[in-house]
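Data block below; observations after.
Note on naming: letters A, B, ... go to the chains in the order of the sequence lines (proteins, then strands), and numbering restarts at 1 for each one. Just the heavy atoms: all of them, side chains too, but no hydrogens, waters or symmetry mates, feed the values below.
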Protein chains: 2
Amino acid sequence: MRLKMEKISEFTVRRLSNYYRILIDLEKRGVPTVSSQRLAELGGITSAQVRKDLSYFGNFGTRGLGYSVTELKGAIMQILGLTTQWTMALFGAGSLGHALFYHQGFREDGFFFKHVFDINPDKVGTRWLEVEIENQSSAEDVLRRDPVQIAVIATPPEAAHDIAALVIRAGIKGILNFAPTQLTVPEGVSLRNVNLAVALESLSFFLSM
Amino acid sequence: MRLKMEKISEFTVRRLSNYYRILIDLEKRGVPTVSSQRLAELGGITSAQVRKDLSYFGNFGTRGLGYSVTELKGAIMQILGLTTQWTMALFGAGSLGHALFYHQGFREDGFFFKHVFDINPDKVGTRWLEVEIENQSSAEDVLRRDPVQIAVIATPPEAAHDIAALVIRAGIKGILNFAPTQLTVPEGVSLRNVNLAVALESLSFFLSM
DNA sequence: TAGATTGTTAATCGATTAACAATC
DNA sequence: TAGATTGTTAATCGATTAACAATC
């Protein structure tokens, strides 16, 4: 997949995500080509940054012309692994879990919730679209029988550690954690944390100055 | 508030948020003091980083002993501006908006939704707790009469630009944007973006390697 | 061909870490 | 006092940017 073997920073990957969204938008609007300069403007960064990021993965542009919007979009989809369908298990059928489950963008990107687990007996057995909410206590068995690639944790922080341990035992290699607690994962398991409070506290800091 | 006048990076502020959460936890567990070494372990970073971050704001520790958990927690609350109550307006009463509105952590931090706006006539007039959902078309008037400090955008991306313009006209200085689109704000307005897809796409990238 | 823009190297900038004197 | 740990300076590391030859 990757053409050169330098290690890619998380910064670069996050910017690729942004280029991808910008390119989708340009394609919708029928724009055929885009320069690194224009892409940089739309993304709020420098054109050197755009070219540098892309150069880790190959030569996607044409000197004098720029990049084909459709081709570059396709290339970034490949790079980010968005050409395959990803299956996920959601832990926590609260309001955040609900929002994630129904989040349109995930589906469009090929991320698909196959299982939803909760500990609340009132919720277990009810359905979200075609998915029946299952008891969290059976999660390990269920995931061994019917594995997924990514676990999404949207539970209170107290529960997050045990869930992480459970999904790692079940062989899951990617965890997206929304619980505001520090998880530790072994080598070979990827973890991303999204903490809603951090962004707000950062705003608070800069507004207080 | 700030004691020294170096400019503080977003990186430092985000780590302060994390220290804050760790300290709350330590305080709950009755731990009286913590060293930079221990705080670093709990946060997954280095002790030098911890001491450096704190040193921008003052001397909170005691050589040989470490930091008083309660005192350091209080100091970081001050620094992050969490000792005041922040008022917010929510745009978009969809499932993400709902999750944010009911998110326990925001309340605990002193962030409080005073207004909720939506364009869907079926939702306008209904209540979330004590807050009545108002028509988005009246948002500018409402916010001029009854201002808030922060606007939270949880609408589809198409709507986000107009909302940003509106809240800036109404004098709001802080925007937390969950819509996956690039907003531009004038000098003096703070913007934070939270893009749920980016974290997932980054996971996808590293899982694809 | 001349103008535009890439891909890449080298220079710069900023963030992290190591090291240690100060001091509880 | 001796051991522990801070606060800070200097060294290192890594990310961003500037510059430009290659080339469409």
Side-chain angles (χ1 to χ4, degrees), chain A residues 2-19 22-23 26 31-73 75-76 79 198 202 205, chain B residues 2-19 22-23 26 31-73 75-76 79 198 202 205:
Chain A
R2 271 209 269 137
L3 305 182
K4 302 179 182 183
M5 275 301 148
E6 296 181 64
K7 73 243 147 305
I8 306 303
S9 82
E10 178 74 17
F11 294 106
T12 292
V13 177
R14 299 181 82 86
R15 282 190 299 265
L16 288 175
S17 279
N18 282 129
Y19 303 152
I22 293 168
L23 289 162
L26 290 172
V31 178
T33 60
V34 67
S35 65
S36 58
Q37 177 57 49
R38 180 75 185 123
L39 204 42
E41 271 171 41
L42 294 170
I45 55 171
T46 66
S47 67
Q49 184 77 84
V50 171
R51 295 196 300 280
K52 184 75 167 142
D53 285 338
L54 296 176
S55 77
Y56 292 121
F57 302 98
N59 302 352
F60 304 109
T62 308
R63 286 160 203 246
L65 287 175
Y67 304 88
S68 151
V69 167
T70 302
E71 277 175 29
L72 186 57
K73 193 199 87 175
I76 293 179
I79 293 165
V198 170
S202 160
F205 172 80
Chain B
R2 272 211 269 134
L3 305 181
K4 302 177 183 183
M5 274 301 147
E6 296 180 64
K7 71 245 148 302
I8 305 302
S9 82
E10 178 74 17
F11 294 106
T12 291
V13 177
R14 299 181 81 88
R15 283 190 299 265
L16 287 175
S17 278
N18 282 129
Y19 304 152
I22 293 168
L23 289 163
L26 290 173
V31 178
T33 60
V34 68
S35 65
S36 59
Q37 176 58 49
R38 180 75 184 124
L39 204 41
E41 272 171 41
L42 294 170
I45 55 172
T46 66
S47 67
Q49 184 76 84
V50 172
R51 295 195 301 279
K52 185 74 166 142
D53 285 337
L54 296 175
S55 76
Y56 292 120
F57 302 98
N59 302 351
F60 304 110
T62 307
R63 287 163 203 243
L65 286 174
Y67 304 88
S68 152
V69 167
T70 303
E71 278 175 28
L72 186 56
K73 193 200 87 176
I76 293 179
I79 293 165
V198 170
S202 159
F205 172 81

Can you name the residues that form a salt bridge (Lys or Arg N to Asp or Glu O under 4.0 Å) with B:R14, not counting sequence neighbours?
B:E10
Take B:L16 and B:I8 through the side chain to side chain contact (heavy atoms under 4.5 Å, CB included) test and state the conclusion after the steps.
CA-CA 11 Å; B:L16 287 175; B:I8 305 302; 5.6 Å; no
Quantified as the angle between the terminal helix axes (five pairs each), what is the overall bend of the helix from C:dG3-D:dC24 to C:dC24-D:dG3 to 10 degrees?
10°
Which letter, B, S or -, goes with each nucleotide of nucleotides 17-24 of chain C from 5' to 3', with contact meaning a protein heavy atom under 4.0 Å?
BBB-BBBB
Residue list, salt bridge (Lys or Arg N to Asp or Glu O under 4.0 Å) with A:K52, at least two apart or on another chain
none
B:L42 versus B:L26: any side-chain heavy-atom pair under 4.5 Å?
yes
Counting distance only, does the side-chain N/O of B:S68 pair as donor-acceptor with the main-chain N or O of B:E71 below 3.5 Å?
yes
Quick one: A:Y56 OH to D:dT16 P, roughly how many Å, whole number?
8 Å
Spacing of A:R14 atom CZ relative to D:dA15 atom P, expressed in whole Å:
14 Å
Nearest 0.5 Å, what's the CG-CG distance between B:N18 and B:L23?
10.5 Å
Check the phosphate of D:dT6 against B:S36, side-chain N and O only, distance under 4.0 Å to OP1 or OP2. Yes or no?
yes
Tell me whether the side-chain N/O atoms of A:Y67 come closer than 4.0 Å to OP1 or OP2 in C:dG7.
yes
Measure from CG on B:D53 to P on C:dA15 and round the result to the nearest Å.
11 Å
Which part of the nucleic acid, if any, lies within reach of B:R38 when heavy atoms closer than 4.0 Å are counted: base, sugar-phosphate only, or nothing?
nothing
Contacts of B:S47 and A:R15 projected onto DNA chain D by closest heavy atom; the upstream (5') one is B:S47
Excluding sequence neighbours, so at least two apart, what forms side-chain contact (heavy atoms from CB on, under 4.5 Å) with B:S9?
B:F11, B:T12
Would you please name every residue forming a side-chain contact (heavy atoms from CB on, under 4.5 Å) with B:S47, sequence neighbours left out?
B:S36, B:Q37, B:A40, B:R51
